[in-house]
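In this text the structure is predicted, and so the values were computed from the model without any measurement. Throughout, protein chains are lettered first and strands after them, A, B, ... in sequence-line order, and every chain is numbered starting at 1.
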Amino acid sequence: MAKVTVSLPQGTRDFSADVVRKRNYIFNTIRHVFELYGFAPLETPAMENLDTLMGKYGEEGDKLIFKILNNGLDNPVKQEQIRADFEKVLEGKNTKTITERALRYDLTIPFARYVAMNYGQLTLPFKRYQIQPVWRADRPQKGRYREFYQCDADVVGSTSLLNEVELANIYATVFDKLGVEVEIRINSRKILAALAEICGGADKLTDITIAIDKLDKIGIEKVKEELSQRGLSDIQINTIEKYLSITGTNEEKLTAVTGLIGNTEVGKAGIEEIEYVLNFSQLSTHHSKLSIDLTLARGLNYYTGIIFEVKANNVQMGSIGGGGRYDDLTGLFGVSNVPGVGVSFGVDRIYDVMEELKLFPETVHTGVKVLFFNLGEQERKSAFALMQQLRAKDISCELFHEATKMDKQFKYAEKKQIPFVLILGSKELEDGTCVVKNLVSGEQKTILQTDILKEFI
RNA sequence: GAGGGUGUAGCUCAGUAGGUUAGAGCGACAGUUUGUGGCACUGUAGGUCGUGGGUUCGAGACCCAUCAUUCUCCCCA
């Protein structure tokens, strides 16, 4: 056999039939719930102008954007300019002559761009969902791919906390349906802002969030070290340690955090919005837990209110969903004062979790239902006619491609997990019957050809 | 960007301290079986041991480089 020399770009994958079916099961579940909650679909291009994306995801994020090389760089007329601009690229700057487009990095920024461009036409509040791949030039590892799907639902044009309640319920509903046990973590950037305020300045917010976000990974001592490196005083660090040591039930956490930052206006607001979402969500019934996580910060710095993150229980995997409220995402694109809130599902990680915990139902494997045996020229003509009758009734069938030993045809059906075979040989041809065999049970019976629809509908 | 692991048949992997002609299971194909699959038995095909250098009388094994892949950190879904 010839040596195969082709390969796939790092971090990308092909999906074979059974994987696609399982992925579709997840997509369909999410899409269905999005529709159920009144969200409408939107699709945007795989690529955006580089300007649209740059600077939206922080310094690290910018590095992970896949940039697209411009066409026509070999144009002799422009060579001098291009050489000069390429020097800038070597210094880490982007220039439009070299690259001006990039693959989308997430779905939120393209959505904000869409809202800004179409603001006048939208009925507010505007609720859209979007299920498309995104690309990141990250180094692949467990649960991390360079091409992966996000499923986002966002509401813009409303400051109502009802939206947060709805989105929390969407999370709970989807994971209940999929049978994945999760913990939906909730926090408010306002509480973090209040913490920064009593620690001497709003400008410390980013430093503080980056450090405390790592608590469960590196431990309290390392966090304190990092805070110290980031220029916080011992008194400030002491306050943060008090904040981080808050534990207990949701109610206990709220009481404790109120004692610490409840005297600040922003802190009070943050506590109130969490209380509101928690109380409202208790009205609906679902298994997934909604719990306060005061260390939850989220890297994206456009979040301003409630923030969410979803972790799967019983499995080692990064977050499988995240989101939050942003006050002014479209302001970056020239349309100010459009508040919004959204959540995102990471399908590829959800798939990995479900695979690891064996949560996919058997019924996901629905392929061909009936294989018609091919036992000769006359036989196959009759079989073909019968098969078309079933297909007309939406039953998927196949006729074996050549007249060969039954042995082979049986094995084909078995490998493709086709549950029924239909045998129509010379005997059956004569008396107008056919044999239906159930490959799972091994039972078979002879029926009239005219009764075939009854048999399978 | 930093640091580990792994590359041997289509797949999963053995390969002992460096020593003839590199193995197993599964899979594929053919047959036992020209109208009944799964089981069993028999046989066949398939590998310049990721690639390139080096050490050695001798390398799948040891050393260096390189590529691929995987995992961890950073960050994230």
Side-chain angles (χ1 to χ4, degrees), chain A residues 1-13 26 30 57-65 92 105-108 131-152 171 182 209-211 213-214 217-218 222 226 296-301 308-312 316-323 342-353 371 373-376 379 400 403-429 434-446:
Chain A
M1 189 168 287
K3 185 119 184 170
V4 175
T5 55
V6 288
S7 66
L8 236 37
Q10 196 180 39
T12 66
R13 299 150 298 158
I26 301 174
I30 294 172
Y57 308 109
E59 213 174 300
E60 286 296 315
D62 282 356
K63 285 185 201 160
L64 301 180
I65 294 171
Y105 178 89
D106 73 351
L107 301 179
T108 308
I131 298 178
Q132 288 190 279
V134 302
W135 294 269
R136 295 185 188 176
D138 228 336
R139 182 155 299 194
Q141 55 183 278
K142 188 183 181 189
R144 173 170 306 187
Y145 306 98
R146 287 184 149 184
E147 177 182 63
F148 62 97
Y149 270 76
Q150 289 193 328
C151 306
D152 280 27
Y171 268 142
V182 296
T209 55
I210 289 174
D213 199 29
K214 298 177 187 169
K217 268 196 175 164
I218 62 177
K222 291 268 181 189
E226 181 151 350
L296 178 61
R298 298 201 49 77
L300 297 169
N301 41 30
F308 296 107
E309 196 156 287
V310 184
K311 283 280 294 175
Q316 186 65 41
M317 179 65 72
S319 63
I320 56 176
V343 291
S344 181
F345 289 82
V347 170
D348 302 78
R349 284 187 179 176
I350 293 171
Y351 180 94
D352 289 345
V353 167
L371 177 71
F373 274 18
N374 184 338
L375 298 170
E379 291 88 338
F400 197 76
T404 179
K405 292 194 295 188
M406 293 179 84
D407 178 66
K408 278 208 160 200
Q409 307 198 35
F410 267 116
K411 282 184 173 156
Y412 178 81
E414 197 189 335
K415 270 180 218 149
K416 287 191 70 174
Q417 297 185 25
I418 299 172
F420 293 97
V421 297
L422 193 138
I423 304 167
L424 208 164
S426 50
K427 271 188 282 182
E428 290 78 12
L429 207 53
C434 57
V435 174
V436 177
K437 178 157 184 173
N438 180 329
L439 290 195
V440 182
S441 66
E443 289 165 20
Q444 68 175 52
K445 58 182 169 183
T446 305

Separation of atom CD in A/Glu414 from atom C1' in B/G37, rounded to whole Å: 5 Å
B/G46 versus B/C41 - spacing of their P atoms, nearest Å: 24 Å
Under 4.0 angstrom between A/Lys415 side-chain N/O and B/A28 OP1 or OP2: yes
Atom-pair distance (NZ on A/Lys408; P on B/U36), nearest Å: 17 Å
G-U wobble or Watson-Crick pairing nucleotide for B/G1 (cut-off 3.5 Å, both distances): B/C73
Touch class at under 4.0 angstrom, heavy-atom based, for A/Leu439 against every strand present: base
P atoms of B/U56 and B/C75, separation to the nearest Å: 49 Å
Partner nucleotide, any strand, of B/A17 [Watson-Crick/G-U, under 3.5 Å]: none
Backbone of A/Gln10 reached by a side-chain donor or acceptor of A/Tyr145 within 3.5 Å: no
Smallest separation among heavy atoms of A/Leu375 and A/Thr404, with atom names: CD2-O, 4.4 Å
Sugar-phosphate, base or nothing in reach of A/Gln141, heavy atoms under 4.0 Å: base
Sugar-phosphate only, base, or nothing, as touched by A/Ile423 at under 4.0 Å among non-hydrogen atoms: base
Pairing nucleotide - B/A40, Watson-Crick or G-U, each distance under 3.5 Å: B/U32
Pairwise C1' distance, B/A68 and B/U51 [rounded to whole Å]: 10 Å
Integer-rounded Å distance: B/G38 P and A/Tyr412 OH: 18 Å
Ring centroids of A/Phe148 and B/A77 base under 5.5 Å with planes under 30°: yes
Pairwise C1' distance, B/U48 and B/U42 [rounded to whole Å]: 31 Å
Nearest heavy atoms of A/Ile65 and A/Tyr105, plus distance in Å: CG1-CD1, 4.0 Å
Spacing between A/Lys142 atom NZ and B/C73 atom P, to the nearest angstrom: 11 Å
Salt bridge flag under 4.0 Å for residues A/Lys411 and A/Glu414: no
Separation of the P atoms in B/C49 and B/U20, to the nearest angstrom: 16 Å
Interatomic distance, A/Asp407 CG vs B/C29 P [rounded to whole Å]: 11 Å
Integer-rounded Å distance: B/A28 P and A/Lys411 NZ: 8 Å
Nucleotide paired to B/G10 in any strand shown, Watson-Crick or G-U, under 3.5 Å: B/C26
Sugar-phosphate only, base, or nothing, as touched by A/Gly321 at under 4.0 Å among non-hydrogen atoms: sugar-phosphate
Whole-Å gap separating P (B/C75) and CD1 (A/Ile65): 18 Å
Minimum-distance pair of heavy atoms, taken over all atoms of A/Leu107 and A/Gln150: CD1-O, 3.3 Å
Sugar-phosphate, base or nothing in reach of A/Asp138, heavy atoms under 4.0 Å: base
Nearest heavy atoms of A/Met317 and A/Lys311, plus distance in Å: O-NZ, 2.6 Å
Most 5' of A/Arg349 and A/Val435 on RNA chain B, judged by nearest nucleotide: A/Val435
A/Lys405 vs A/Glu428, nearer the 5' end of RNA chain B by closest nucleotide: A/Lys405
Phosphate OP1/OP2 of B/U69: any A/Gln10 side-chain N/O under 4.0 Å: yes
Sugar-phosphate only, base, or nothing, as touched by A/Gln316 at under 4.0 Å among non-hydrogen atoms: nothing
From B/G1, B/G35, B/G37, nucleotide with atom closest to A/Arg139 side chain: B/G1
Gap between atoms CD and C1', on A/Gln409 and B/G35 respectively (whole Å): 11 Å
Ring centers of A/Tyr149, A/Phe345 separated by less than 6.0 Å: no
B/U21 to B/A17 separation - C1' atoms, rounded to the nearest Å: 22 Å
Spacing of the P atoms in B/C67 and B/C29 (rounded, Å): 39 Å
Touch class at under 4.0 angstrom, heavy-atom based, for A/Phe373 against every strand present: nothing
B/C62 - base-pair partner by Watson-Crick or wobble geometry, distances under 3.5 Å: B/G54
Nearest-Å distance once atom C1' is located in both B/G15 and B/U8: 9 Å
Test item: A/Arg146 side-chain N/O and A/Thr12 main-chain N/O as donor-acceptor pair under 3.5 Å: no
